Amino acid sequence: MEASQEHLKEEIARLRKEKNALIMAHYYTRPEIQEIADFIGDSLALARQAARTDAEIIVMCGVHFMGETAKILCPGKKVLVPDMEAGCSLADSCDPEEFAAFTAAHPNHTVISYVNTSAAVKAHTDIVVTSGNARKIIESLPADEKIIFGPDRNLGEYINSVCGRQMLLWNGACHVHERFSLEAIVKMKKEHPGSKILVHPECRKPLQLIADKVGSTAALLDFARTDEAQEYIVVTESGILFEMQRECPGKTFLPAPAEDSECQCNECDFMKLNTLEKVYKALLNESPEINVEPELAARALRPIERMLQLS
Ligand code: 13P
Ligand code: SF4
């Protein structure tokens, strides 16, 4: 029989204290996971927090590459993920061998990779970025620097347009952010004329063009917190609505519809694999644990450290 949610929360609190563990969660996880997390953030904030924590165990409630990044930053700590199956379609759209061949075919290019990649892709990278710092980092490079950007073509195209760059783009994408329907969002805007449209840069260009704000999950949250509008159409994974509503209780946040209105297509199934039961079991059994082969971890660490220095 499934343990009650309240009992699970109490057990998680007990184990976390006993084992000096830090529970981290991405904004796309389920509300009950965000509620019990010690730290909630976007990909950038999660990496920064992992780099500075003195906890002995990190429980990363997000997806595999987030746990892997934490392990690379903290090789001496135990990094647990509640479900090893929590992958990422964007990271999967970039095969390390194909990416290595692509970079080898374009020598004299600085290789920039989005954090949504495997350790093997990071090992072929000069600087890692997240959606929260990509623009700042790319703007810090000389205007004539030749750049390869992977794997998200929508974020790459966005950076090219706002920074006036001509980065070579890898053709990858996130299945959740690609599925939002322009037509349905325009219709929603007509029904809510006072609303503002918040768009994650992993979405396709036509959606970016109708946005009042394009930004990472943390940037969209910041915008909603400080902006004067009362209503927002949120074009990113709908898990973010929990924190938006918590921080701005008087405002209305409408999840943008995806192309197929029959399914919850604005949800990332991978993120939703994180449940209270699995967090409890991970803490109890200290498993599943992320491990990265030390030589690979050392090569993947350099571009992550460069990111942290530059942002
Ligand atoms: P950020 O956390 O950088 O906004 O990225 C969103 C995302 O898709 C994470 O997987
Ligand atoms: Fe990956 Fe997209 Fe899910 Fe983020 S929302 S974890 S990019 S599949």
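This one's a predicted model, so the numbers in the text were calculated from it and none came from an experiment. First listed ligand is number 1; within each ligand, the first listed atom is number 1.
Under the 4.5 angstrom side-chain criterion for Ile, Leu, Val, Met, Phe, Trp and Tyr, the cluster partners of Trp170 are Phe99, Phe102, Val111, Val121, Ile148, Leu168.
Backbone and side-chain nitrogen or oxygen atoms of Glu202 are examined, and one is located within less than 3.5 angstrom of a nitrogen or oxygen of ligand 1. Taking only nitrogen or oxygen atoms, main chain and side chain alike, Asp42 does not reach within less than 3.5 Å of ligand 1. Any N or O atom pair closer than 3.5 Å counts here, and Thr130 shares no such pair with ligand 1.
Residue-ligand proximity, Ser43 to ligand 1, at heavy-atom distances under 4.0 Å covers atoms 1 (P), 2 (O), 3 (O), 5 (O), 9 (C). Below 4.0 Å from some heavy atom of Ser216 lie the following atoms of ligand 1, by number and element: 4 (O). Atoms of ligand 2 found under 4.0 Å from any heavy atom of Glu202, numbered from 1 in the order shown, are 7 (S). Of all the atoms in ligand 1, the ones that sit under 4.0 Å from a non-hydrogen atom of Thr217 are 1 (P), 2 (O), 4 (O).
Taking the six-membered ring where tryptophan is involved, the planes of Tyr28 and His177 are tilted, since the angle between them lies from 30° to 60°.
Contact analysis leaves Glu237 out of contact with ligand 1, as no non-hydrogen atom separation drops below 4.0 angstrom. Residue contacts with ligand 2 do not include His26, since none of its heavy atoms lies under 4.0 Å from the ligand.
When non-hydrogen atoms are compared, ligand 1 lies under 4.0 Å from the side chain of Tyr114 (C-beta onward) but not from its backbone. For Tyr28, every heavy-atom contact with ligand 1 shorter than 4.0 Å involves the side chain, none the backbone. With a 4.0 Å cut-off on non-hydrogen atoms, Asn116 touches ligand 1 through its side chain and not its backbone.
For the atom pair CG of Asn154 and CZ of Arg204, the computed distance is 8.0 Å after rounding to the nearest 0.5 Å.
A salt bridge is absent between Lys71 and Glu68: the closest approach of a Lys/Arg side-chain nitrogen to an acidic carboxylate oxygen does not fall below 4.0 angstrom. A salt bridge links Glu295 and Arg299; the closest N-O separation between the charged side-chain nitrogens and carboxylate oxygens is under 4.0 Å.
The nearest protein atom to atom 9 (C) of ligand 1, hydrogens excluded, is given as His26 NE2, 3.7 Å; this is a heavy-atom distance. Here the heavy atom of the protein found nearest to atom 3 (O) of ligand 1 is Ser131 OG, 2.7 Å.
Atom CG of Asp54 is surrounded by 12 or fewer heavy atoms from other residues, nucleotides or ligands within 6.0 Å. Atom NZ of Lys146 is surrounded by 12 or fewer heavy atoms from other residues, nucleotides or ligands within 6.0 Å. Gln166 CD: 12 or fewer foreign heavy atoms inside a 6.0 Å radius. Summarising the local packing, NZ of Lys281 is surrounded by 12 or fewer heavy atoms from other residues, nucleotides or ligands at distances under 6.0 Å. For Glu85, the CD atom is loosely surrounded, since the number of other residues' heavy atoms within 6.0 Å does not exceed 12. At most 12 heavy atoms of other shown residues, nucleotides or ligands fall within 6.0 angstrom of atom CD in Glu97.
Side chains of Thr125 and Ser113: a donor-acceptor N/O pair is present below 3.5 angstrom, by distance only. Checked by atom type, the side-chain pair Ser89/His175 shows a donor-acceptor distance below 3.5 Å.
Here atom 1 (Fe) of ligand 2 has protein N, O or S atoms under 2.8 Å from it, and they come to 1.
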